[in-house]
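Structure, as structure tokens:
Reminder, nothing fancy here: chain letters follow the sequence lines and each chain counts from 1.
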Amino acid sequence: MSYRIPLGPYHVALDEPYKIEVDCEGETITDAHIKVGFNFRGIEWLAQRKNITKCIALMERVCGICSNVHSMTFCMALEQIGAIEVPKRAQYIRMVVAELERLHSHLLWAGVAAEIVGFQTAFMEVFRFRERVMDLLEAITGNRVNYSMNCIGGVNRDITDPESVAAGAREIRDTVNRVLIPLFTTDRTISARCGGVGVLSQADAVRWGVVGPVARASGVDTDLRRDCAYLAYEEIAFAVPVRTEGDVLARVVVRAQEIVESCNIIEQALAQMPSGSLNAGDIYAVPPGDAVVRVEAPRGEVFYYVESDGSDVPSRVKVRTPTFANIPSVMAMVKGNEFADMPLIQAALDPCYSCTDR
Amino acid sequence: MTSQEWRQRAGGNWMPANLGEIRSIAQSMLERGARFEAFVVTQTKAGELRLIWHWDLKGKLFSVESTAAVGTPLPSIVDIYCGSDWAEREARDYYGVTFEGRVSTAPLMLREADPPGVMLRSEGGPR
């Protein structure tokens with residue numbers, strides 16, 4: 001029997017407002033239709049009506065989880081247009097905060113995934129690790145959501161106690177290596193629930209244009225931190241985990257391994273961080289020009305196109321978030337899967353609908 | 001693909017193209033294994049639309065730009081890159097553009113009854 005099941009836009013099973021209509025033949029999904037826009041705030045429209053200083057705060061509000069990456073990418077685009085040199089220490093500080101944000105995002109996701117799988121103990125344990133990351137971010141920035149670290153030409157605050165941050169990164173890496181990686185790679189509940197579910201082939205990953213851990217779990221060996229190094233990533237040694245299975249389990253494992261790599265990056269960055277100034281001074285406008293800047297956010301590539309006419313108000317700011325690129329591929333992932341796997345397949349993308357809608 | 005050549009600019013490789021060349025460029029990009037990144041529309045001071053299709057090929061950015069008057073139908077590449085569906089629908093929401101070669105261009109961020117062209121609205125000047 002064929003039927004269509006509507007979910008959302010407001011439903012107790014959904015973390016954020018969106019709508020998904022699932023076509024089923026018995027218990028098997030034959031198609032899915034996703035509707036977004038319930039969080040549409042017109043941020044790109046607003047950006048053309050605010051000066052660049054206010055735009056930094058505006059861009060930080062694109063996403064509540066990877067808020068730092070948006071303000072940082074926006075600032076990097078303006079720095080490229082204005083040929084503004086960012087002090088080396090500021091680049092390292094940006095890198096440390098970006099990696100802490102990745103830890104926070106991946107651990108948040110791992111907890112949510114464990115809860116969806118029905119593994120409540122893992123959910124509690126993972127959220128305990130995540131709290132440690134939030135404490136580190138708060139210690140550095142003074143904030144836990146919108147960190148206000150970035151300004152045009154650098155950062156607003158220094159890392160005054162690098163050893164305590166490095167100790168935190170070591171503690172998280174050891175715990176993840178000891179608890180999380182074995183849990184996600186050897187636990188039979190996880191592998192039975194996630195293995196072979198929601199498969200996205202490498203060819204489909206390219207056709208749908210997926211990014212970040214979702215692409216890497218489908219065999220697309222891509223990571224802007226390595227392929228198109230920005231900040232000081234080329235001075236840091238790190239691995240890019242790639243899996244070829246393309247299923248939910250591969251996405252789980254890729255993110256778990258990325259947590260370890262982020263800890264390694266933080267530790268190296270803090271050890272190598274040079275002394276020097278934090279920013280290039282007060283900058284309120286850049287010359288006419290445009291720039292495209294892409295940054296590897298926790299969920300994948302963030303794409304910013306910024307155009308300046310020389311005034312203090314940008315003439316265009318285009319934001320393409322990772323979830324905007326990833327979510328449509330759900331329609332390819334769910335076909336042929338059981339309806340009961342739908343929440344897990346969606347969650348495995350680590351979607352953020354607020355930043356998708358902007 | 002076209003008679004034009006790629007030039008280094010603004011953090012990537014750029015090439016101008018006519019609207020009629022976009023689909024063959026997209027096809028060529030797919031055959032090379034490039035991932036569709038984004039479709040950016042801006043409005044020039046002269047009032048026409050500047051259109052930029054972006055692809056990623058092994059970490060390098062390739063951007064193809066063209067221009068069109070407001071209201072000119074644009075070529076859709078959704079049958080080549082299914083991932084461009086949302087980008088085209090969002091362009092319809094923001095700039096009211098229409099696409100040839102797709103059955104319909106449903107709103108993405110807006111609702112069915114909302115008028116398209118959010119970015120072309122002039123109310124609320126810079127603050």
Side-chain angles (χ1 to χ4, degrees), chain A residues 34-40 42 44-46 48-51 54 76-77 80-81 203-211 215 220-224 226-229 289-294 301 303-305 307 309 311-313 315-316 318-320 324-329 331-332 356-358, chain B residues 9-14 29-45 50 52 54-63 65 78-87 89-91 93-94 106-112 114 117-127:
Chain A
I34 298 169
K35 290 184 180 171
V36 292
F38 300 98
N39 309 293
F40 179 53
E44 291 182 18
W45 185 88
L46 280 168
Q48 290 179 210
R49 285 152 180 86
K50 293 186 182 296
N51 66 44
K54 287 181 178 175
M76 286 167 68
Q80 190 175 309
I81 294 170
D204 276 345
V206 171
R207 273 170 48 79
W208 285 93
V210 297
V211 295
V220 181
D221 187 5
T222 176
D223 191 320
L224 289 171
R226 177 199 62 195
D227 303 335
C228 192
D290 61 353
V292 175
V293 172
R294 297 183 298 155
E301 294 172 30
F303 174 104
Y304 267 66
Y305 172 83
E307 195 178 74
D309 59 6
S311 73
D312 63 347
V313 177
S315 49
R316 182 76 171 100
K318 172 71 191 170
V319 184
R320 207 269 359 249
F324 188 95
N326 284 341
I327 277 290
S329 69
M331 292 181 267
T356 298
D357 292 352
R358 291 151 288 132
Chain B
R9 190 181 74 76
N13 303 280
W14 291 70
M29 285 292 183
L30 182 66
E31 285 162 9
R32 291 174 189 200
R35 228 162 4 94
F36 177 75
E37 277 278 327
F39 177 47
V40 176
V41 184
T42 71
Q43 194 173 25
T44 66
K45 281 184 178 160
R50 183 168 167 238
I52 317 168
H54 299 272
W55 282 272
D56 172 279
L57 182 58
K58 295 175 181 166
K60 291 191 169 53
L61 187 71
F62 290 85
S63 308
E65 59 181 325
V78 78
D79 57 323
I80 303 167
Y81 279 97
C82 25
S84 68
D85 177 41
W86 280 22
R89 289 167 60 190
E90 188 176 56
D93 287 352
Y94 282 7
L108 184 71
M109 295 300 154
L110 304 181
R111 305 276 72 90
E112 290 287 348
D114 295 338
V118 170
M119 299 295 276
L120 299 174
R121 292 176 198 159
S122 59
E123 69 265 32
R127 287 196 294 269

Name the region of B:I80, side chain, backbone, both or neither, that has any atom closer than 4.5 Å to a heavy atom of chain A.
backbone

Where does B:L61 contact chain A at under 4.5 Å (heavy atoms): side chain, backbone, both or neither?
both

Does this structure show an ion pair linking B:E90 with A:R358, if we count only N-O contacts that are shorter than 4.0 Å?
yes

Within this structure, what is the CG-NZ distance for the pair A:D221 and B:K58, rounded to the nearest 0.5 Å?
11.0 Å

If you compare all heavy atoms of A:V206 against all heavy atoms of B:R35, which two are closest, and at what distance to 0.1 Å?
O-CG, 3.9 Å

So what's closer than 4.5 Å to chain B heavy atoms on A:R207: side chain, backbone, both or neither?
both

How would you list, by chain and number, every residue that makes a ring-ring contact (aromatic ring centres under 6.0 Å, His included) with B:F39, sequence neighbours excluded?
B:W53

Can the positive tip of B:R111 be found less than 6.0 Å from the middle of the six-membered ring of A:F38, inside 45° of the ring normal?
yes

Which region of A:T356, side chain (C-beta onward) or backbone (N, CA, C, O), has a non-hydrogen atom less than 4.5 Å from a non-hydrogen atom of chain B, or is it both or neither?
both

N-O pairing of B:D56 and A:R294 below 4.0 Å:
yes

Heavy-atom distances under 4.5 Å only: say whether A:V210 touches chain B with side chain, backbone, both or neither.
backbone

Where A:C228 and B:G59 come nearest, the two heavy atoms and their spacing
CB-O, 3.6 Å

Quick check for you: among A:E301, A:R226, A:K35, which has the greatest number of heavy-atom pairs under 4.5 Å with chain B?
A:E301

Need one label for B:A34: side chain, backbone, both or neither, based on atoms under 4.5 Å from any heavy atom in chain A.
backbone

Below 4.5 Å from any heavy atom of chain A, which atoms of B:Y81 appear? Answer side chain, backbone, both or neither.
both

Can you list the residues that meet the salt bridge (Lys or Arg N to Asp or Glu O under 4.0 Å) rule with A:D204, with sequence neighbours excluded?
none

